[in-house]
There are 4 protein chains.
Amino acid sequence: MNIINNPGRQLGRPRSTDSRDSILKATNQLLEEVGFSQLTIEGIAARAGVAKTTIYRWWNNKGSIAIEAFLKSTEPRISFPQSDSAIADIKEQVKTLAAVYQTQTGKIITELIAMGQENADTLHLFIEGYVKPRRSAAKAVLQRAIDLGEIRADVDLDVLVDAIYGPIFHRLLLGHERLDPAFAEANANLVLAGAMK
Amino acid sequence: MNIINNPGRQLGRPRSTDSRDSILKATNQLLEEVGFSQLTIEGIAARAGVAKTTIYRWWNNKGSIAIEAFLKSTEPRISFPQSDSAIADIKEQVKTLAAVYQTQTGKIITELIAMGQENADTLHLFIEGYVKPRRSAAKAVLQRAIDLGEIRADVDLDVLVDAIYGPIFHRLLLGHERLDPAFAEANANLVLAGAMK
Amino acid sequence: MNIINNPGRQLGRPRSTDSRDSILKATNQLLEEVGFSQLTIEGIAARAGVAKTTIYRWWNNKGSIAIEAFLKSTEPRISFPQSDSAIADIKEQVKTLAAVYQTQTGKIITELIAMGQENADTLHLFIEGYVKPRRSAAKAVLQRAIDLGEIRADVDLDVLVDAIYGPIFHRLLLGHERLDPAFAEANANLVLAGAMK
Amino acid sequence: MNIINNPGRQLGRPRSTDSRDSILKATNQLLEEVGFSQLTIEGIAARAGVAKTTIYRWWNNKGSIAIEAFLKSTEPRISFPQSDSAIADIKEQVKTLAAVYQTQTGKIITELIAMGQENADTLHLFIEGYVKPRRSAAKAVLQRAIDLGEIRADVDLDVLVDAIYGPIFHRLLLGHERLDPAFAEANANLVLAGAMK
DNA sequence: AGTTAATCGAGACGGTACGTCTTGTCTTGAC
DNA sequence: GTCAAGACAAGACGTACCGTCTCGATTAACT
């Protein structure tokens, strides 16, 4: 049995990695099958062949498990294309992103965000584990656009990033209008036009 | 026994407006006091002095009640300022909106949207009752900006509206960065710059 | 529409016999189909095409309706055979009775008696409408047995009747031992032996 | 906290004797106070300070709880007097029984039997836990009467027992005639006369 | 090798709220 | 005044999960 390496602890039975892995695996399966709102701690425990106690020992709520499971199954960082034009790279990436968000992945993300509205810890984990790494990557590309002289140097990147990605999340969550690559590109065009010299 | 077939005739005891009003009133009170996630049908029934069956007869889930209660307590339309410049009006309005979303109203909206992720009906009611009227109003103002020659005539208004408001909802829901009037204005400046001639 | 003739009442819409009949008919159907314990006022109303109000106007509880319906569908009196020997007639009759109680009729009777334990009115109606007429008939036959010199004249008929029929009801209600014609006869033989000279 | 000793079970938290006892105690109290028909699972749970789920985990319906509670509060066996004459003992016992059945105990028994008409499990529990032990005891005494030569040896004891006790239950349940020690004795006299040589 | 202590599975527990069911009452307009 | 229709307050039902709490059995590091 594999054991998590924890040099600070000295006494007692070590925590089982098997339990932890089967919990996250079961959570991912259930997220795919029934969605987040139908996810229950008892269901995870049953599927993972684990006691509820074991889950509660390590996670506070189902949101934390779900996010950890989701992050484990997701690329830790977005991969941007690397062409001669940074803004071309950005536009390419938002189109890919919109396509991904049209799948079950998009659905799970909306539910994680929804859960986050009830639970600050859950939201925090999602921000730190998913949103911020992607924002950093996007800001790096935008910085390159500045360096390349494609956009103005005085643009506030935090505003610009949200201007590019905010509308995508907006449509993802509300569904009031179609979220597809074409929209993502049109929005990026509009916003980046405003950021050009 | 012969029954005169008269489909237009209203049979049975008429629905009580008192019940309906007290349900919506109680719901609004509880939304303020405990928030949406702590809202329960039983709690509403108890507060309203109404039987649970009466609630279930007219609403499917707590989201529907909450939205109806929320809409009842909210202005049906945003009021835009009316100055010589349509884009000045827009900028003024998004600053006001951001300020409003920093209050409890913002919190309730995030929870309604969160609820909508689990329940399509709820989301639909929110879109139709809240989002679309405001989008229409905003699009009318943007159309005026076109008519006034302040922005290009070939801009897709659906994209433009989401570019202006999407980032506000984005920060409202994720809280990864501060949502305040200054951000709303900066975003509007950026986007509208891209829409100008 | 048939109307119950009631010369004392002068005002208002006359009571409908159709409603009454269809209520009792529906009750009998439902007693056969689902049994007494699954019988509901709402079910009767729906089946009879009648408003609940109409039922409540004329009956206090489902026991009263069920008993009235049951009595309407049952012979008002037992028919005893008429041979040269009164005790032979009795023995013949209890065998018939035991056979009848092995059918659905027996089941309904147990449920009516059960209902009677919760509701004194219901029990009273059952006693007066079902039990007492049958006891009277049985006592008349037993009196004939006395007159014929088949049993002692000093026997208390109320005790004797219950000694003959009580054990039948006992087994009908408890089911701890088989209730069949053979038992009914064996019991009658035993008891009547004790009543002979 | 007291725990039910069950050496066969090895897994999970042991069942709490405290819960079980307080449930049965509360049930007995409520049976005395409001009667069986007014007894509710929720009422028992509230009185016992126990969760409804705990009750449903161990009992199927209120009849099962009521019977278990009733049996716990009742002598497991009738005590017969032990004189030189077995039939004198029987007569003495039926008089005592009739007296007991004139109290609240009689009322509860009728309601348990009534419940048994709707629910086979409940009736089964009552038969096995209450009726059969008493029938066995009575049959043992009657066997002694045979051994003493007080009644015929060829009498079917199952018939004889029901002939002695059936009429008591009959009057208890129907109340069409008075159930008192005098009747119980008169019936026993009649039946036993038929069983004598 | 034995002791110590945290882990594990299992599952019972007190709770909360669910959504449904049935009761008996009430409020209409039609007859 | 009675009827059908059906809304209403009331409240119990049986279920689903929650998060906590015993248990006995493991599992290694530390004696």
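Quick caveat, the model's predicted, so the values are computed rather than measured. Reminder, nothing fancy here: chain letters follow the sequence lines and each chain counts from 1.
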Indicate every side-chain donor-acceptor pair of residues 48-60 of chain A with a distance under 3.5 Å to a residue at least two apart or in another chain.
residue, atom, partner, partner atom, Å
A/K52, NZ, A/E42, OE2, 2.9
A/W59, NE1, A/E68, OE1, 2.9

**Spacing between D/R20 atom CZ and E/dG14 atom P, to the nearest angstrom** = 14 Å

**Fill in**
D/K72 meets the salt bridge (Lys or Arg N to Asp or Glu O under 4.0 Å) criterion, sequence neighbours left out, with D/D21

**Item:** Protein-to-nucleotide contact annotation, 5' to 3' order, nucleotides 21-26 of chain E [B base; S sugar-phosphate only; - none; under 4.0 Å, heavy atom]
**Value:** BBBBBB

**Asked** Going by the side-chain hydrogen bond (donor to acceptor under 3.5 Å, both in side chains) test, which pairs reach into residues 31-41 of chain C, not counting sequence neighbours?
**Response** C/E33-C/R47

**Item:** Spacing between B/I55 atom CD1 and F/dA7 atom C1', to the nearest angstrom
**Value:** 14 Å

**Helix axis bend for the helix from E/dA1-F/dT31 to E/dC31-F/dG1 - C1'-based end axes, five pairs, 10° rounding** = 10°

**Request:** Please name all residues satisfying side chain to side chain contact (heavy atoms under 4.5 Å, CB included) with B/I109, sequence neighbours left out, ordered by chain then number.
**Result:** B/F70, B/Y101, B/T105, B/I113, B/F126, B/Y130, B/F169, B/L172

**Request:** Identify whether any heavy atom of D/W58 sits under 4.0 Å from a base atom; if not, whether one sits that close to sugar-phosphate; answer base, sugar-phosphate or nothing.
**Result:** sugar-phosphate

**Prompt:** What integer distance in Å separates A/L30:CG from F/dC17:P?
**Reply:** 11 Å

**Prompt:** Side chains of C/D121 and C/S64: is there a donor and an acceptor less than 3.5 Å apart?
**Reply:** no

**Distance below 4.0 Å between D/R15 side-chain N/O and E/dG11 OP1 or OP2** = no

**Prompt:** Between D/T54 and E/dA12, does any side-chain N or O lie under 4.0 Å from OP1 or OP2?
**Reply:** no

**Side-chain N or O of A/S19 closer than 4.0 Å to phosphate OP1/OP2 of E/dT7** = no

**Fill in**
Of C/A51 and B/T17, the one whose closest nucleotide on DNA chain F sits nearer the 5' end is C/A51

